[in-house]
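Worksheet: one structure, shown below.
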Amino acid sequence: MKNISRRNFITKSTATAAAATLGLSFIKGENRIDARFGKGKTFKGGIALSTWDAGVEANDAAMKTMKNGGKAVDMAEEGVKVIEADFRNLSVGLGGLPDREGNTTLDACIMDSIGRAGSVCFLEKIKHPVTVARMVMERTPHVMLVGEGAQKFALSQGMTLDEFKSEEAVKAYKEWLIKSEYKPIINIENHDTIGMVTMDTQGDLAGSCTTSGLAYKMRGRVGDSPIIGSGLYVDNAVGAATGTGLGETVLRSCSAFLIVELMRQGMHPQKACEEAVKRVRDINSFMKEEFQVGLLAVNKKGEIGAYALREGFTYALAKNGENKVYKSDFLIK
Ligand code: ASP
């Protein structure tokens, strides 16, 4: 459905009913509806854009989901699930490196095209945190569940406990215990937290982000990845953004929300990502340690943005029948 016909569809007389159907009780009046659903040309070919090299596999799954009739939110969930299930990945899912007490704890979030959001943090022994995040979004009145409560909810929805421990992660943890030094290492792998933004054949947007967080973090630490507005933000009228990197620095900068707001003001996604990376650098200028942040964005026209603080960030883009890894440009040269 074209944007314009969508706007016509949601006329003044039906605005209240439409807002109620969408669960958007805060929408009042025609102008507000127009503002949210946007104007102008919308790309309709389908897009999956995700962080790091492994994003190619996630994009493949997302595009298959779309071809089978899935919406943007289905693409975002099914795409990152592939990476969550890949126990060789040391930064996502139950194969991820543990916290400093030896437990792998997972964070994930998802946003759909009608403004809904779901998130889980500090979740243990559940294979697909992104699916739990989606259940929080669709089956509860809440946005975020953490720890024991999130696990209890997952079990109540039919999920089962998974005791999987990656041999590689256990070995790495034992080696780490010798010195027990907490030092985040930038670009440690070419597969890392996966953040994904998607556009379906209707031109609707969604996104997801899932991670086991920083290796050897303090128990209970949560980074940017499951935080709506930091690790992920989607506004179907404007665009969607996600990222990866040292979560604390992204949390302080609300990067994903910032990118979407810059795009709302008319900025191209590339420029918006560049501005957001500069903001990350500026807000975190008190830090002595070197760190990495990589940000991605897509707008309603299907234009893409990618930018990192330092060299080494890669991303995967599936669009127009291609699905390839690209090297991101970066700020500190
Ligand atoms: N952003 C993630 C976190 O801080 C880590 C990463 O992207 O590698 O938990």
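Values below: every heavy atom of this structure, side chains too, minus hydrogens, waters and symmetry copies. All ligand and atom numbering here is 1-based and tracks the order in the structure.
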- Indicate whether the side chain of Q270 and that of E274 have a donor and an acceptor atom separated by less than 3.5 Å. yes
Considering only N or O atoms, set out every pair between ligand 1 and the protein closer than 3.5 Å, with distances to one decimal place.
{"residue": "ligand 1", "atom": "1 (N)", "partner": "D224", "partner atom": "OD1", "Å": "2.6"}
{"residue": "ligand 1", "atom": "1 (N)", "partner": "S225", "partner atom": "OG", "Å": "3.4"}
{"residue": "ligand 1", "atom": "1 (N)", "partner": "G245", "partner atom": "O", "Å": "2.7"}
{"residue": "ligand 1", "atom": "4 (O)", "partner": "R221", "partner atom": "NH1", "Å": "3.4"}
{"residue": "ligand 1", "atom": "4 (O)", "partner": "R221", "partner atom": "NH2", "Å": "2.8"}
{"residue": "ligand 1", "atom": "4 (O)", "partner": "D224", "partner atom": "OD1", "Å": "3.4"}
{"residue": "ligand 1", "atom": "4 (O)", "partner": "G245", "partner atom": "O", "Å": "3.4"}
{"residue": "ligand 1", "atom": "4 (O)", "partner": "G247", "partner atom": "N", "Å": "2.9"}
{"residue": "ligand 1", "atom": "7 (O)", "partner": "T193", "partner atom": "OG1", "Å": "2.8"}
{"residue": "ligand 1", "atom": "7 (O)", "partner": "T244", "partner atom": "OG1", "Å": "2.6"}
{"residue": "ligand 1", "atom": "7 (O)", "partner": "G245", "partner atom": "N", "Å": "2.8"}
{"residue": "ligand 1", "atom": "7 (O)", "partner": "G245", "partner atom": "O", "Å": "3.4"}
{"residue": "ligand 1", "atom": "8 (O)", "partner": "D192", "partner atom": "OD1", "Å": "2.6"}
{"residue": "ligand 1", "atom": "8 (O)", "partner": "T193", "partner atom": "OG1", "Å": "3.2"}
{"residue": "ligand 1", "atom": "9 (O)", "partner": "R221", "partner atom": "NH1", "Å": "2.7"}

State, with a plain yes or no, whether a side-chain heavy atom of M144 is found less than 4.5 Å away from one of V136. no
CG (L106) and NE2 (H128) are apart, to the nearest 0.5 Å, by 11.0 Å
Flag for E77-T131: side-chain donor and acceptor within less than 3.5 Å: yes
**Asked** So do M111 and I228 actually touch side chain to side chain, heavy atoms under 4.5 Å?
**Response** yes
N/O donor-acceptor pairs under 3.5 Å from side chains in residues 151-161, not counting sequence neighbours:
{"residue": "Q151", "atom": "NE2", "partner": "E124", "partner atom": "O", "Å": "2.8"}
{"residue": "S156", "atom": "OG", "partner": "F153", "partner atom": "O", "Å": "2.6"}
{"residue": "Q157", "atom": "OE1", "partner": "R139", "partner atom": "NH1", "Å": "2.8"}

